[in-house]
2 protein chains.
Amino acid sequence: MKRAKQKIFQDYIARQGLKSTRQRDIILDAFLSSDRHLSIEELYLKLRAKHPNIGYATVYRTLKLFAESGIAREIHFGDGQTRYEHVSEGEHHDHLVCTGCGTIIEFENESIEKLQDEVAVAHGFLIKHHKLELYGLCAKCRP
Amino acid sequence: MKRAKQKIFQDYIARQGLKSTRQRDIILDAFLSSDRHLSIEELYLKLRAKHPNIGYATVYRTLKLFAESGIAREIHFGDGQTRYEHVSEGEHHDHLVCTGCGTIIEFENESIEKLQDEVAVAHGFLIKHHKLELYGLCAKCRP
DNA sequence: TTGTTATTGATATTCACTTTCATCACAGCC
DNA sequence: GGCTGTGATGAAAGTGAATATCAATAACAA
Ligand SMILES: [Mn+2]
Ligand SMILES: [Mn+2]
Ligand SMILES: [Zn+2]
Ligand SMILES: [Zn+2]
């Protein structure tokens, strides 16, 4: 899992004529062993504990690279911060977001995906990606 | 339609002990006779043609009021700008967004809504609202 | 008309990125 | 190993949309 993603990223780096650096290794390791929905700030702060000399801009740029290489995806939950989540080859999921405690639950629903495709076809659309987020209170937070 | 929303907004204003002002009337009129998915900036520029002395902050604050009163809804399509769309009593829809030309198509799909509810129930969630956006190329933009 | 309170609009500030640029560090080639 | 040419880094400055500030102004009830 982790190894596979490291490999994907290294390959991407090589293919693009980019360089392998100490910082990128550190950030990749921290990202892969972190929560699945991390903001840039959160990852930056987490890193700073062990590596106080890594810059915010580097974290920001490296997360973008992760997304380009296919091991991460940018997500926006409307709280004003960009988050990055792990992406596994051929896997897709959507989100339940608790507005009480911030918990995020991932789910997959093939029937919904199929219906989305039908909607797209009916309107002549060629879908590239989509976003489905259900906001509310989780089991712990509901009254 | 337009009258109904004006009424809703005036009632809201009264109920909250707020004041009816020239600017709010002008902005409401411009909003109700505008595109259905307008950014603050777009509405501000549209207004400035006839009312060069209306400030950006007033447009921004008034759109928030529209949302609070229930006649508008804030939407985010990931382009970094907040948009506001018209909301009709008891109506709900989701969006197809063309990444080529920016066209936005609204759609309703009861089956998807039902499946979303089932997902929520399965996870013990109490859904407050949701977001479903399908991004891709519209019939005109697809290759 | 007057007094009170909300509103306005110019401006300043905030926030989350995003860019800049001088310095640094990979990595291929002697 | 030492050179050398790029790409990478990080401190700091810049950006753009949103939000807050505040003195002047406009509603509106008495
Ligand atoms: Mn829906
Ligand atoms: Mn809409
Ligand atoms: Zn919760
Ligand atoms: Zn299009």
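The chains referred to below are lettered A, B, ... by the order of the sequence lines, with proteins before strands, and numbering in each begins at 1.
For Tyr56(A), no side-chain nitrogen or oxygen approaches OP1 or OP2 of dA11(D) to under 4.0 Å. The side chain of Thr21(A) contributes an N or O atom lying less than 4.0 Å from OP1 or OP2 of dT9(D). For dA26(D), the OP1/OP2 oxygens have no side-chain nitrogen or oxygen of Arg22(B) closer than 4.0 Å. A close approach under 4.0 Å does occur between a side-chain nitrogen or oxygen of Lys64(B) and OP1 or OP2 of dT19(D). Here Gln23(A) reaches the OP1 or OP2 of dG10(D): one of its side-chain N or O atoms lies under 4.0 Å away.
Taking NZ of Lys7(B) as the reference point, atom OG of Ser69(B) lies at 12.5 Å (rounded to 0.5 Å). The line from CG of Asp29(B) to NZ of Lys50(B) is 9.5 Å long, rounded to the nearest 0.5 Å.
Distance NE2 (His51(A)) to P (dG10(D)): 11 Å, rounded to an integer number of Å. The separation between Asp25(A) atom CG and dA8(D) atom P is 13 Å, rounded to whole Å. Atom CD1 in Ile13(A) sits roughly 10 Å away from atom C1' in dA8(D) (whole-Å rounding). Atom CD1 in Ile26(B) sits roughly 13 Å away from atom P in dA26(D) (whole-Å rounding). The CG-P distance, from Leu43(B) to dA18(D), rounds to 12 Å in whole Å.
With ring centers used as reference points, His37(B) lies under 6.0 Å from His95(B). Aromatic pair Phe9(A)/Phe66(A): centroids less than 6.0 angstrom apart.
Within 4.0 Å of Arg24(B), counting heavy atoms only, lie sugar-phosphate atoms of the nucleic acid but no base atom.
Of the listed nucleotides (dG5(D), dT21(D), dA18(D)), dA18(D) has the atom at the smallest distance from the side chain of Ile40(B).
Judged by distance alone, with hydrogens and angles left aside, the side-chain atoms of Glu42(B) form a donor-acceptor pair with the main-chain N or O of Ser39(B) at under 3.5 Å.
Nucleotides of DNA chain C that come within less than 4.0 Å of any heavy atom of chain A span, from the 5' end to the 3' end, dA16(C) to dA27(C).
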